[in-house]
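First listed ligand is number 1; within each ligand, the first listed atom is number 1. Computation of the quantities below employed the complete heavy-atom set of this structure, encompassing side-chain atoms and omitting hydrogens, waters and symmetry-equivalent molecules.
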Amino acid sequence: MAERITDIGPPHYSKFLPPIIKDNYGKWASHEILEPGVLKHTAESGAEIYSVRVGSPRIITTLFARDICALADKYCGGYLRFTSRHNIEFLVTDKAQLEPLKAELKKAGLPIGGTGHSVTNIVHTQGWIHCHTPAIDASGIVKAVMDDLFEYFGSHKLPAQVRISLACCLNMCGAVHCSDIAICGVHRTPPKIMHEKLRHLCEIPTTIASCPTGAIRPHPDKNLKSVIVNEPRCMYCGNCYTMCPALPCFDSEKGGVALLVGGKVSNAKSPPAFSRLAVPYIPNNPPRWPETVAAIRKILIKYAEGANKWERVGEWIERIGWEKFFEVCDIPFTFQHIDDYKFQAYDTYRTSMHFKF
Ligand code: SF4
Ligand code: SF4
């Protein structure tokens with residue numbers, strides 16, 4: 001402990017700002033999108049800075065990081081940043097460097113885009129690369145979906161921006177609960193109880209308290225320090241496994257993808273909204289998840305055809321009605337769509353004669 005350095009916090013961000021941003025901090029007059037992926041900000045002083053936004057796979061190697069640093073050294077005075085959706089932004093103050101940078105990015109296969117009414121990067125999670133509770137992979141599905149929707153990353157042809165997010169289990173690390181289209185990993189099997197291991201690995205009261213439906217009880221045999229699960233009450237959330245390693249509930253054959261739609265976080269035009277269930281289950285199908293990719297494309301295309309300009313996916317659905325959404329997207333409506341979780345489920349039912357046949 002003698003040489004230990006602690007509680008120093010992150011380095012101050014101002015150390016990494018290009019001089020033009022430092023000089024004009026808080027004094028920006030306007031911005032415009034010059035073309036998909038390229039923004040221009042103009043300060044009150046008349047100073048200008050251009051940002052070139054580039055897609056990234058989020059999980060990157062140090063070699064990739066070095067490559068983008070080399071580009072930033074060459075064209076941006078050594079400055080770049082990452083966006084909150086893991087895109088990379090090259091910050092260009094010398095306008096003459098804009099076209100050479102774009103040409104080199106193109107040569108390197110780094111896609112420019114993610115601005116305006118596009119499908120920008122997919123906020124996603126760890127999946128089978130690093131987490132122990134996923135029902136689906138993250139990076140694999142994201143790559144398959146972005147390959148399919150690539151034309152929408154570098155263009156502005158949608159009615160509004162479409163945020164797609166992925167979480168590999170219902171812990172929903174990230175943004176799936178508030179995205180236009182969300183890909184969520186779901187289990188479909190109750191936990192398998194490893195009675196002999198449970199008493200050594202788990203704190204039983206915490207495990208019992210982790211279950212949102214009260215499905216877990218102490219084992220009736222007082223000599224067996226374990227739990228039982230009332231399986232008809234279990235909806236496979238996997239929370240108990242997060243608490244207790246002796247309750248694994250994953251099954252690669254039965255776990256899979258659920259799609260949610262209609263969430264947003266901005267307050268523009270309508271309040272923020274949670275995303276809601278659209279497709280309850282699509283099987284895992286690595287490495288390209290074709291059924292998931294096709295289902296997302298279908299929702300996106302129907303939205304692009306039917307929505308008014310500036311209308312987000314959720315606003316479009318609210319305008320046409322959920323029954324029409326299911327009809328135009330050709331999604332079967334099933335019992336899984338009907339909320340049955342505690343008292344607030346009531347508020348999601350229709351208490352009106354207003355509906356479309
Ligand atoms: S969403 Fe679930 S499985 Fe994925 S990283 Fe978060 S906790 Fe792990
Ligand atoms: S998976 Fe979820 S619902 Fe099922 S027993 Fe565990 S905590 Fe309860």
Side-chain angles (χ1 to χ4, degrees), residues 57-60 84-86 121-145 163-179 181-195 197-199 201-220 226-260 263 274-275 277 280-282 284 286 289 292 336 339-342 344-345:
R58 188 180 72 86
I59 292 185
I60 59 170
S84 55
R85 298 190 76 90
H86 315 296
N121 218 348
I122 299 182
V123 166
H124 62 283
T125 48
Q126 305 192 59
W128 298 333
I129 283 185
H130 199 61
C131 197
H132 71 303
T133 62
I136 56 174
D137 187 33
S139 300
I141 299 179
V142 164
K143 168 73 173 136
V145 172
R163 304 293 189 228
I164 305 181
S165 303
L166 178 146
C168 32
C169 85
L170 298 183
N171 279 349
M172 299 193 176
C173 302
V176 286
H177 60 297
C178 56
S179 296
I181 300 177
I183 307 160
C184 201
V186 288
H187 300 289
R188 295 197 309 153
T189 42
K192 298 165 217 45
I193 309 172
M194 300 155 86
H195 290 295
K197 290 190 174 162
L198 194 138
R199 66 177 179 276
L201 296 172
C202 312
E203 195 180 69
I204 289 177
T206 336
T207 305
I208 290 171
S210 73
C211 181
T213 62
I216 308 177
R217 289 278 178 274
H219 200 286
S226 185
V227 298
I228 52 167
V229 171
N230 180 358
E231 292 194 359
R233 278 191 88 106
C234 172
M235 38 74 158
Y236 330 126
C237 68
N239 244 7
C240 52
Y241 177 59
T242 303
M243 288 293 134
C244 169
L247 290 172
C249 67
F250 40 75
D251 181 324
S252 55
E253 300 287 308
K254 296 204 170 141
V257 169
L259 296 182
L260 292 83
F274 285 124
S275 10
L277 185 66
Y281 176 70
I282 305 171
N284 261 321
W289 280 269
T292 300
Q336 287 103 336
D339 196 346
D340 59 357
Y341 187 64
K342 299 195 176 166
Q344 62 267 32

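Counting heavy atoms closer than 4.0 Å to ligand 2, residue Tyr236 contributes backbone atoms (N, CA, C, O) but none from C-beta onward.
Summary of contacts: the protein heavy atom closest to atom 4 (Fe) of ligand 1 is Cys168 SG, 2.2 Å. Annotation: atom 6 (Fe) of ligand 1 to nearest protein heavy atom, Cys173 SG, 2.3 Å. What sits closest to atom 8 (Fe) of ligand 2 on the protein, heavy atoms only, is Cys211 SG, 2.3 Å. Atom 2 (Fe) of ligand 1 has its closest protein heavy atom at Cys169 SG, 2.3 Å.
Between atom 1 (S) of ligand 2 and the options Cys249, Gly238, Pro212, the minimum heavy-atom separation is to Gly238.
Atom numbering of ligand 1 starts at 1 in the shown order; those under 4.0 Å from a heavy atom of Pro134 are 3 (S). Close contacts of ligand 1 with Gln126, meaning ligand atoms under 4.0 Å from a residue heavy atom, involve 5 (S). In summary, the atoms of ligand 2 found under 4.0 Å from a heavy atom of Ile216, numbered by their order in the structure, are 5 (S). Below 4.0 Å from some heavy atom of Met235 lie the following atoms of ligand 2, by number and element: 3 (S). Of all atoms in ligand 1, numbered sequentially from 1 with element shown, those under 4.0 Å from a heavy atom of Thr133 are 2 (Fe), 3 (S), 7 (S), 8 (Fe). Distances below 4.0 Å separate heavy atoms of Thr213 from the following atoms of ligand 2: 3 (S).
Put simply, the side chain of Pro134 does not reach to within 4.5 Å of the side chain of Ile136, judged on heavy atoms. Considering only heavy atoms from C-beta on, Leu260 stays 4.5 Å or farther from Val176 through its side chain.
When all heavy atoms of Arg188 and Tyr236 are compared, the closest pair comes out as CA-CD1, 3.5 Å. Of all non-hydrogen atoms in Pro218 and Ile228, the two that sit nearest each other are O-CG1, 4.0 Å. Counting all heavy atoms, side chain and backbone alike, Tyr241 lies closest to His132 at CE2-O, 3.3 Å.
Each of His195, His219, Arg199 was compared with Ser226 under the side chain to side chain donor-acceptor pair (under 3.5 Å) criterion, and only His195 meets it.
Between His86 and His124, the two ring planes are perpendicular [angle over 60°; tilted spans 30° to 60°]. Relative orientation of the Phe274 and His177 rings is tilted, given thresholds of 30° and 60° on the angle between their planes.
For atom 8 (Fe) of ligand 2, the N/O/S atoms of Cys240 include none lying under 2.8 Å. Within the 2.8 Å limit, Cys131 places at least one N, O or S atom next to atom 8 (Fe) of ligand 1.
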Disulfide bond (SG atoms under 2.5 Å apart) between Cys202 and Cys244, intermediate numbers included: CA-CA 5 Å; Cys202 312; Cys244 169; 2.1 Å; yes
